[in-house]
2 protein chains.
Amino acid sequence: MRPSITADDSTKRIIRALERAGYQATPNRRLVARLVASTGGHFTAAELLERGRQERVNIGRATIFRALDLLASLRVVERLDLPTGAHAYVLCDPDEHHHHLVCSTCGHSVDVADGELARLVDEIGRRAGYRIDAHRLELFGMCSACASEQAAVPGPGSPA
Amino acid sequence: MRPSITADDSTKRIIRALERAGYQATPNRRLVARLVASTGGHFTAAELLERGRQERVNIGRATIFRALDLLASLRVVERLDLPTGAHAYVLCDPDEHHHHLVCSTCGHSVDVADGELARLVDEIGRRAGYRIDAHRLELFGMCSACASEQAAVPGPGSPA
DNA sequence: CGGCGGGATGATACCAGGTCTCATCCGCCG
DNA sequence: CGGCGGATGAGACCTGGTATCATCCCGCCG
């Protein structure tokens, strides 16, 4: 375990990214940054809104979306399509191209370096005669924490 | 080029899949099958609805969605998340696990065999300590037809 | 200090994709 | 022919997201 990056660090990192790009770090945006940073996994705009309202009555839905958009454009946050078709956002590292591996149980998400994938994608494109501009890989599964928890408290029917 | 599979073949294949799974091949579903098969690329439910209405006045939105759901559950059709965040559907081969490479210009889509990806995904999971249950790879680019068309009629600025 | 301008904000209307309900309908089987 | 379950259409509804618009706030300039 190496939880060297705290939520607080993340909050600051987000705010710095905002400022570096020339955007105002307004109270609302700071709030969103804090909310985003304090989730270990993915979250929806609606969740953010609700949590935001708990600490600060007046924050508009539109503001949340605008902030999220902004953060997404800075690649501090990325939009995810869950297998269910629902949309969620995750905090992530803006510095390198990567993908997400998300736990379907707890929602925790880890960044996955592109690695060999780039090569593979390249080859697929060449074979199909496409010029590939973008790719997206999304991985869903169960993290080790959830797996061991499930092993300890097995749901009905599973230990058959 | 090997356009050995016609829209008609696809229509029949879809209908057969329906029947094999024990669902009625009702007129509406046949219509949807035909509409789906006659698009080379991805399409949205709204498009289908509109095209459907052109040849058969009464088909409900819900019916389209229901048919699409059904086809998706038979894996004859798959739901795609475009880079824009919009949802689309594509006709595809139910028999093997694969991914989609879609042309952002014309919407044409080709199936891509999983190939090495499975191994890669496996390794990622092992390294992260996740049990990976599902993955999704989506590739976006430009097909050779659109590329050559673009080369012939270059847009402003591109031939710089 | 006062005024100004642009960006940020909140409310709200709106839109699209999708789901749910419900009454009707229709085709298939007996 | 009668009944039943599945399919259907209309339309309400929900959710995620966007557009509009008036207001507001802040920094800056005079």
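Here is the naming used below: chain letters follow the sequence lines, and residue numbers restart at 1 for every chain.
- If you find the closest nucleotide of DNA chain C to B:Y89 and to B:P27, the one lying nearer the 5' end belongs to B:Y89.
- Look at B:H87 and you'll find a side-chain N or O under 4.0 angstrom from OP1 or OP2 of C:dG18.
- Minimum atom distance to the side chain of B:F65 is reached by C:dG17, of the listed D:dT18, D:dA7, C:dG17.
- Side chain of A:T26, nearest nucleotide from D:dT18, C:dT9, D:dG17: C:dT9.
- Distances were taken from every side-chain heavy atom of B:N58 (C-beta onward) to each of D:dG9, C:dA11, C:dG18; the shortest belongs to D:dG9.
- When distances are taken from the side chain of B:T63 to each of C:dG18, D:dT8, C:dG10, the shortest belongs to D:dT8.
- Rounded to whole Å, atom P of D:dT8 lies 14 Å from atom CZ of B:R53.
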Distance-only donor-acceptor pairs under 3.5 Å for side chains of residues 59-70 of chain B, two or more places apart:
none

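- OP1 and OP2 of D:dA10 both lie 4.0 Å or more from every side-chain N or O belonging to B:R61.
- Note: CG (A:D69) to P (D:dT18) measures 5 Å, nearest angstrom.
- Checking B:T39, B:I14, B:T11 one by one against B:L91, the side chain to side chain contact (heavy atoms under 4.5 Å, CB included) holds for a single residue, B:I14.
- C:dG7 atom P lies 11 Å from atom CZ of A:R29, rounded to whole Å.
- Between A:Q24 atom CD and C:dT9 atom P there is a gap of 8 Å when expressed in whole angstrom units.
- If you check D:dG17, C:dT12, C:dT9 against the side chain of A:A62, the one that comes closest is C:dT12.
- A:A46 comes within 4.0 angstrom of sugar-phosphate atoms only, judged by non-hydrogen atoms across all strands, and of no base.
- Distance A:L82 CG to D:dT15 C1': 14 Å, rounded to the nearest Å.
- Here B:R66 lies in heavy-atom contact (under 4.0 Å) with a base.
- A donor-acceptor contact closer than 3.5 angstrom links the side chains of B:H87 and B:D81.
- Taking the six-membered ring for Trp and thresholds of 30 and 60 degrees, A:H97 and A:H135 have ring planes more than 60 degrees apart, a perpendicular arrangement.
- For the 3.5 Å distance criterion, the side chains of A:S38 and A:R51 qualify, holding a donor opposite an acceptor.
- Between B:L31 atom CG and D:dA7 atom C1' the separation is 14 Å, expressed in whole Å.
- When each of D:dG9, C:dG18, C:dT9 is scored by its nearest atom to the side-chain atoms of B:N28, the top-ranked nucleotide is D:dG9.
- Comparing B:L70 and A:T44 by the nucleotide of DNA chain D that holds the closest heavy atom to each, the one mapping nearer the 5' end is B:L70.
- In this structure, A:I64 atom CD1 and C:dG10 atom P are separated by 9 Å, rounded to whole Å.
- When the P atom of D:dG6 is taken as reference, atom CG of B:L18 falls 15 Å away, rounded to whole Å.
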